[in-house]
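Atoms considered below: every heavy atom in the structure, side chains included; atoms not considered: hydrogens, waters and symmetry mates. Remember, it's a predicted structure, so these values are computed and weren't measured experimentally.
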Amino acid sequence: MNLKLRVKQKIVWLLLGGILAPAASFAHVPMPPKTPTEIGRRLVNASVSDFQLTDQDGKPFNFAASHGKLVLLTFVYTTCPDVCPLLTAKFAAIQRSLNAQHFKDYLLITITTDPERDSASVLKDYAARFGADLPNWSFLTGKRTELANVWRMFHVNVTKTQSGDVYHTTLTSLIDRRGKRRVDYYGDQWQDKQVLKDFHWLDSLK
C-alpha cells in the first residue's frame, strides 16, 4: 500500500470517528465533567421524592416503600441497541454478587425511557432475558407524564424522534436507606466492583 493511499485512509478514518461516532452514541447523552480520579462516578447528597409508577407485573410501585433498603436505579429502554443492554447486564451481575454475599435489604430499579413501547409485559419479558431476580429488581413503566416527573427529578433528558429513536442521559444512581441519592454513575464505563464497594460503604452507615 503506497503512502498516499495510507494517508487518505487515515483521513477518512478520522472523519468517520469525528462525525459518525457521536451520532451513533447520541442516544446516550455524554456524562458531565469527570474528576481526575473518579471517572463516571460522582458523590451527591440529594433527597429523592416519592413517585408512583407501574411494575413489570402491572402492579403499582411506590418509591417510598423502598425506604430502609439500598436502591440502585437506572434508565433504559428495551429496544436500545447498545448501552441499555450493557447496563442491564451489569445490574444482573451486581444482583448475582449481592445474592451470593447474602446482602439484605436492597432493590434494583430499572425505569423505561420509552413508555409507548415498554409496557409492563414487555418489561417482564426483558427482565426474564437477563435472569432478573424480580423480588429484588423492579422494572417500571407508566404514562409519559408520570415518567417525565421522575426523569426530571434525576436530571435525565429524554427525547423521542419521529422515527422512534430514543435519546436519553445515561445515569445510574445509588440511593441510601433514607431515600437520598449518594452516588451517581454516568455513562457505561463504571465497574461492578466499584458499585458493590459503594453498597457496602452505605450499608456500614446504617
Side-chain angles (χ1 to χ4, degrees), residues 28-29 31-32 41-78 80 84 87-88 90-92 94-95 98-99 103-124 126-127 130 132-160 166-186 190 195-196 198-206:
H28 299 88
V29 180
M31 65 184 71
R41 177 180 181 272
R42 176 177 291 177
L43 295 177
V44 293
N45 190 359
S47 295
V48 179
S49 300
D50 188 25
F51 59 84
Q52 295 79 38
L53 292 172
T54 302
D55 72 12
Q56 69 284 337
D57 293 316
K59 297 179 180 178
F61 174 93
N62 293 301
F63 178 75
S66 68
H67 286 194
K69 299 179 180 181
L70 294 181
V71 177
L72 187 67
L73 178 150
T74 197
F75 299 84
V76 309
Y77 64 104
T78 61
C80 171
C84 297
L87 291 176
T88 308
K90 283 174 175 274
F91 267 48
I94 288 169
Q95 183 172 63
L98 291 173
N99 288 347
F103 197 95
K104 303 296 183 183
D105 300 326
Y106 79 88
L107 178 65
L108 307 183
I109 297 177
T110 296
I111 300 176
T112 185
T113 55
D114 187 9
E116 288 79 19
R117 286 184 288 200
D118 288 345
S119 63
S121 60
V122 168
L123 288 175
K124 190 164 187 175
Y126 184 75
F130 287 89
D133 178 13
L134 292 180
N136 295 307
W137 190 349
S138 294
F139 291 74
L140 305 181
T141 188
K143 297 177 181 177
R144 177 165 285 269
T145 52
E146 296 171 332
L147 285 159
N149 290 331
V150 180
W151 300 334
R152 277 194 296 272
M153 189 191 317
F154 286 88
H155 304 290
V156 170
N157 298 314
V158 179
T159 301
K160 189 169 185 178
V166 178
Y167 302 150
H168 68 89
T169 310
T170 306
L171 171 73
T172 299
S173 190
L174 184 57
I175 301 165
D176 69 18
R177 299 181 188 279
R178 293 177 293 278
K180 286 195 172 184
R181 285 166 61 191
R182 300 299 298 274
V183 190
D184 283 344
Y185 311 91
Y186 293 90
W190 49 266
V195 176
L196 290 167
D198 288 335
F199 259 95
H200 288 285
W201 163 55
L202 291 180
D203 188 51
S204 70
L205 301 180
K206 64 181 180 182

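In this structure the side chain of K180 never reaches within 4.5 angstrom of the side chain of I175, judged on heavy atoms. Side-chain atoms of W151 and H168, non-hydrogen and from C-beta on, never get closer than 4.5 Å to each other. Annotation: side chain of V183 is not in contact with side chain of F199 (no heavy-atom distance under 4.5 Å). Contact annotation: the side chain of T78 never approaches that of T112 to less than 4.5 Å [non-hydrogen atoms, C-beta and beyond]. You'll find the side chain of H155 stays beyond 4.5 Å of the side chain of D184, heavy atoms only.
Between K124 and D55, no side-chain nitrogen of the basic residue sits less than 4.0 Å from a carboxylate oxygen of the acidic one, so the salt-bridge criterion is not met. Ion pairing between D57 and K59 fails under the 4.0 Å rule for side-chain N and carboxylate O.
To the nearest 0.5 Å, the span separating OH on Y126 from OH on Y77 amounts to 10.0 Å. In this structure, CG on L108 lies 14.0 Å from NZ on K90, to the nearest 0.5 angstrom. From L205, atom CG reaches atom CG of D176 across 8.0 Å, with rounding to the nearest 0.5 Å. To the nearest 0.5 angstrom, I94 atom CD1 is 10.5 Å from Y106 atom OH. Taken to the nearest 0.5 Å, the CD1 atom of I111 stands 11.0 Å off from the CG atom of L123. The structure places CH2 of W190 at 12.5 Å from CZ of R41, a figure rounded to the nearest 0.5 Å.
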Donor-acceptor pairs under 3.5 Å, side chain of residues 65-75 to any protein atom, not counting sequence neighbours: which ones?
residue : atom : partner : partner atom : Å
S66     : OG   : F63     : O            : 2.6
T74     : OG1  : L171    : O            : 3.0
T74     : OG1  : T172    : OG1          : 2.9

Which atom pairs, donor and acceptor, lie under 3.5 Å between side-chain atoms of residues 133-141 and protein residues at least two apart or in another chain?
residue : atom : partner : partner atom : Å
D133    : OD2  : N99     : ND2          : 3.3
W137    : NE1  : T110    : OG1          : 3.0
T141    : OG1  : D118    : O            : 2.8

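Considering every non-hydrogen atom in both D50 and A64, the closest pair reads OD1-N, 2.7 Å. The shortest non-hydrogen separation linking G142 to P115 is O-CB, 3.3 Å.
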Report task. List the steps, then state whether side-chain contact (heavy atoms from CB on, under 4.5 Å) holds for L174 with Y185. Result -> CA-CA 8 Å; L174 184 57; Y185 311 91; 3.8 Å; yes
Query - CA sep, side-chain torsions, deciding dist, call: F91, V195, side-chain contact (heavy atoms from CB on, under 4.5 Å) - result: CA-CA 10 Å; F91 267 48; V195 176; over 6 Å; no
Requested in this report: For side-chain contact (heavy atoms from CB on, under 4.5 Å), just list the numbers for R181 and V48, CA-CA rounded to whole Å, side-chain angles, deciding distance to a tenth of an Å, and then say yes or no.
Outcome: CA-CA 7 Å; R181 285 166 61 191; V48 179; 3.5 Å; yes
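With sequence neighbours left out, E116 forms a salt bridge (charged side-chain N to carboxylate O under 4.0 Å, His left out) with R144, K160.
Taking the six-membered ring where the residue is Trp, H200 and F103 present perpendicular rings, their angle passing 60° and hence far from 30°.
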